[in-house]
Amino acid sequence: MKLPHEDLLLPLVEVCLAKRQKGCPRCYLLDNLFDNFYTEQIFECLVEEQKPLRGYFFKFQDNFLPKDFTFFRLKDLFFYPLFFGNIQELFLSLWKEDISFTSFYAEVLSFPDPSELENHLQVISTLGFSRLTKRAEERLAPILKLQKEWLSLKEKENISSLLFLVSSTPLDEELKEEVILKEEGKEYYYVLRETKSFNFNGEILSHLPRDTIIGFVPGKNLKDEPFSPFSPFLLALSAFEHAKRAGLTLKEVDGFSLHVLADVIYELEDLGFAKRVYEVAKDYTLQPIELTLSLASIYYTLKDLDTAEKLLRGKLCGCVREDPMVHHNLGLVYLAKGNLPYAEYHLYKAYLLDPENKDIRQRLVQFLFDQGRISDLLEIIAGKEDLSPQEALILGKIYFRQGDYYRSLSLLSKLLSSPERDGEASLYLAWLYLNLKKNDEVAKVFLDEARSKLSSEEFERLKRELSL
């Protein structure tokens with residue numbers, strides 16, 4: 001029986017055990033494997049031999065552990081290393097099943113203290129995050145510090161008399177007597193006592209730089225809906241981001257700010273948390289179409305196509321000017337469902353509503369190419385000067401298949417540094433450089449590139465067809 005990730009783990013364990021003068025690395029792995037996790041003894045070996053050891057620490061409610069993935073256990077916590085692969089699939093499966101968990105990215109250099117990990121996970125959990133990426137942790141570092149301090153302080157304070165504030169410029173001199181907590185990061189974060197001398201419309205704002213932006217939430221609002229489930233620091237940040245997007249100097253948190261907060265969380269790649277916030281924000285947003293597009297995109301990513309379809313269809317008004325992106329995204333949903341007629345209708349509808357949108361046009365072009373609808377495709381992009389790399393790739397392939405080799409070379413040679421180029425295009429370029437350019441050396445480079453990108457069967461089939 002092959003052990004989970006044996007090929008990856010065995011070399012590391014062999015080195016680790018050799019240092020400890022112990023034998024049989026495979027036996028050691030087997031003795032420390034239970035269900036779908038390895039014990040901390042194997043984790044300790046990994047930390048010794050793989051520095052830094054990159055991955056995510058997890059805390060699962062009721063110690064639930066997804067069966068299709070293998071972890072390392074440290075008391076009641078679990079670690080999933082990035083070199084196991086499938087990290088995105090792991091998160092998507094947890095969010096799709098609506099599993100309650102908290103996690104954060106880590107680069108482990110020495111065996112960690114489980115209690116410190118537990119405390120950090122607790123802070124992340126109270127903020128509402130299920131996944132904190134490296135980028136998210138860097139972005140939210142001041143909030144993480146403040147939340148930790150706030151958890152030990154909030155029982156001693158009258159929350160109703162406090163103000164939680166985020167500013168683009170420091171306010172220390174103006175507010176130093178009212179400051180309880182503060183933290184500096186990309187912005188400046190404060191917890192303040194509201195006093196009679198504190199007045200946003202008074203002298204404080206007049207002393208600040210003209211480009212100052214401030215977002216805030218009064219503590220007295222934190223017990224009210226829809227704000228009660230959320231951290232005051234995240235709410236203040238949402239008001240700040242709301243002010244930035246609206247071109248305002250000062251913004252108190254309101255219901256629409258939750259839509260902004262959901263967008264921030266979505267950009268930080270926590271789809272589970274973003275979905276929950278979008279669901280709350282639906283009743284308060286001033287941009288229902290934009291919210292629906294984001295929320296449906298999450299359900300689409302989680303492969304809940306029925307819910308994504310229902311959300312998007314709910315925004316089809318039957319009016320003359322419907323939103324093109326609703327049709328575009330519905331087209332993608334129907335394509336994923338295998339309903340090609342509906343997919344075609346909505347992709348075409350999106351294009352007709354907004355023919356200048358390159359993303360919409362490219363998606364329709366790709367659909368037509370996949371369906372072999374070359375004449376329809378050429379009506380859309382032949383002669384266009386603003387082709388995307390993907391469209392240039394498709395058109396270059398079409399010209400090659402039609403025997404228009406010089407036009408094909410003109411297009412495909414523009415993609416020499418583009419990640420859009422696939423194995424088939426590389427083979428075409430090999431043929432073109434061999435037969436048109438008479439350059440055997442460059443042709444061989446493209447031939448080797450195609451071999452690395454295609455399966456051996458596909459490579460040999462296309463190579464025979466092209467007589468290469």
Side-chain angles (χ1 to χ4, degrees), residues 1-118 120-121 124-125 129-134 136-137 269-272 301-303 452 455-456:
M1 179 190 74
K2 190 170 184 178
L3 305 178
H5 304 288
E6 181 177 331
D7 295 342
L8 295 169
L9 294 175
L10 204 52
L12 298 169
V13 173
E14 284 176 349
V15 176
C16 178
L17 292 185
K19 292 178 180 178
R20 302 178 185 184
Q21 297 184 335
K22 294 181 180 180
C24 191
R26 194 175 189 281
C27 300
Y28 193 69
L29 276 176
L30 184 59
D31 290 343
N32 287 280
L33 174 65
F34 296 88
D35 296 325
N36 60 326
F37 67 85
Y38 288 102
T39 65
E40 64 182 54
Q41 282 74 24
I42 305 298
F43 179 76
E44 190 172 0
C45 280
L46 287 191
V47 175
E48 286 181 22
E49 304 305 325
Q50 184 111 349
K51 294 183 180 180
L53 179 60
R54 296 180 174 89
Y56 280 83
F57 284 103
F58 285 83
K59 176 76 172 181
F60 293 101
Q61 187 172 344
D62 301 324
N63 283 336
F64 169 86
L65 208 60
K67 297 297 183 185
D68 296 331
F69 299 87
T70 305
F71 296 78
F72 296 92
R73 183 165 188 168
L74 288 83
K75 298 189 182 300
D76 291 332
L77 307 180
F78 296 89
F79 182 80
Y80 190 90
L82 293 190
F83 72 82
F84 275 6
N86 298 321
I87 188 66
Q88 189 66 6
E89 289 81 355
L90 169 58
F91 281 109
L92 291 178
S93 68
L94 293 170
W95 288 322
K96 183 177 181 180
E97 298 299 322
D98 210 19
I99 303 302
S100 180
F101 72 98
T102 309
S103 66
F104 72 94
Y105 172 83
E107 296 183 359
V108 184
L109 296 171
S110 59
F111 194 83
D113 181 346
S115 63
E116 291 182 3
L117 299 175
E118 184 93 42
H120 191 50
L121 283 161
I124 296 168
S125 177
F129 283 88
S130 58
R131 176 194 189 185
L132 205 67
T133 63
K134 180 180 182 180
E137 183 127 18
E269 301 177 71
D270 189 337
L271 300 191
T301 302
L302 299 180
K303 294 183 168 38
S452 69
S455 67
S456 57

Should [X] and [Y] count as side-chain neighbours, where that means a heavy-atom distance under 4.5 Å?
{"X": "L94", "Y": "F60", "answer": "yes"}
{"X": "L9", "Y": "Y38", "answer": "yes"}
{"X": "S103", "Y": "F129", "answer": "no"}
{"X": "C45", "Y": "L12", "answer": "no"}
{"X": "L65", "Y": "D35", "answer": "no"}

*Can you name the residues that form a side chain to side chain donor-acceptor pair (under 3.5 Å) with S115, not counting sequence neighbours?*
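Once residues adjacent in sequence are excluded, the partners of S115 under the side chain to side chain donor-acceptor pair (under 3.5 Å) criterion are D113.
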
*Can you name the side chain to side chain donor-acceptor pair (under 3.5 Å) partners of Q61, sequence neighbours left out?*
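Side chain to side chain donor-acceptor pair (under 3.5 Å) list for Q61, sorted by chain: S100.
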
_Salt bridge or not between K134 and E107? Use side-chain N to carboxylate O under 4.0 Å._
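Salt bridge between K134 and E107, a charged N being under 4.0 Å from a carboxylate O: yes.
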
_I'd like to know whether T301 forms a side chain to side chain contact (heavy atoms under 4.5 Å, CB included) with W95, so could you lay out the CA-CA distance, the side-chain angles of the two residues, the decisive distance to 0.1 Å, and finally the verdict._
CA-CA 10 Å; T301 302; W95 288 322; over 6 Å; no

How many angstroms lie between atom [atom1] of [X] and atom [atom2] of [Y], to the nearest 0.5 angstrom?
{"X": "C16", "Y": "L46", "atom1": "SG", "atom2": "CG", "result": "8.5 Å"}
{"X": "L92", "Y": "K303", "atom1": "CG", "atom2": "NZ", "result": "7.0 Å"}
{"X": "I124", "Y": "L132", "atom1": "CD1", "atom2": "CG", "result": "5.0 Å"}
{"X": "H120", "Y": "T102", "atom1": "NE2", "atom2": "OG1", "result": "11.0 Å"}

Closest non-hydrogen atom pair between [X] and [Y], with its separation:
{"X": "P25", "Y": "L17", "result": "CA-CD1, 3.5 Å"}
{"X": "L74", "Y": "P112", "result": "CD2-CG, 4.0 Å"}
{"X": "T133", "Y": "A136", "result": "OG1-N, 3.0 Å"}
{"X": "E137", "Y": "Y105", "result": "OE1-O, 4.3 Å"}

*Is it true that the side chains of S130 and D270 contain a donor and an acceptor less than 3.5 Å apart?*
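S130 vs D270: donor-acceptor pair found between side chains.
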
*Taking the six-membered ring for Trp and the single ring otherwise, decide whether the centroids of F72 and F37 are under 6.0 Å apart.*
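That pair fails the under 6.0 Å test.
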
*Please collect all side chain to side chain donor-acceptor pair (under 3.5 Å) contacts where either partner lies in residues 3-16, sequence neighbours excluded, each pair once.*
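Counting only pairs at least two positions apart or across chains, the side chain to side chain donor-acceptor pair (under 3.5 Å) contacts touching residues 3-16 are K2-D7, E6-R26.
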
*Parallel, tilted or perpendicular: which describes the rings of F43 and F111, with under 30° parallel and over 60° perpendicular?*
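Taking F111 first and then F43, their aromatic rings stand perpendicular (interplane angle over 60°).
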
*asked:* Can you pull out every salt bridge (Lys or Arg N to Asp or Glu O under 4.0 Å) where at least one residue sits in residues 67-82? Sequence neighbours excluded, please.
replied: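 Counting only pairs at least two positions apart or across chains, the salt bridge (Lys or Arg N to Asp or Glu O under 4.0 Å) contacts touching residues 67-82 are R73-D76.
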
Throw together a table of side-chain donor-acceptor distances under 3.5 angstrom for residues 77-91, partners on residues two or more places apart or in other chains.
| residue | atom | partner | partner atom | Å |
| --- | --- | --- | --- | --- |
| Y80 | OH | G85 | O | 2.6 |
| Q88 | OE1 | R131 | NH1 | 3.3 |

*All ring pair (Phe, Tyr, Trp, His ring centres under 6.0 Å) counterparts of F64, not counting sequence neighbours*: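 Listed in chain order: nothing, the list is empty.
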
*asked:* For T70, is there any backbone N or O sitting under 3.5 Å from a side-chain donor or acceptor partner on N36?
replied: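 Judged by distance alone, no pair lies under 3.5 Å.
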
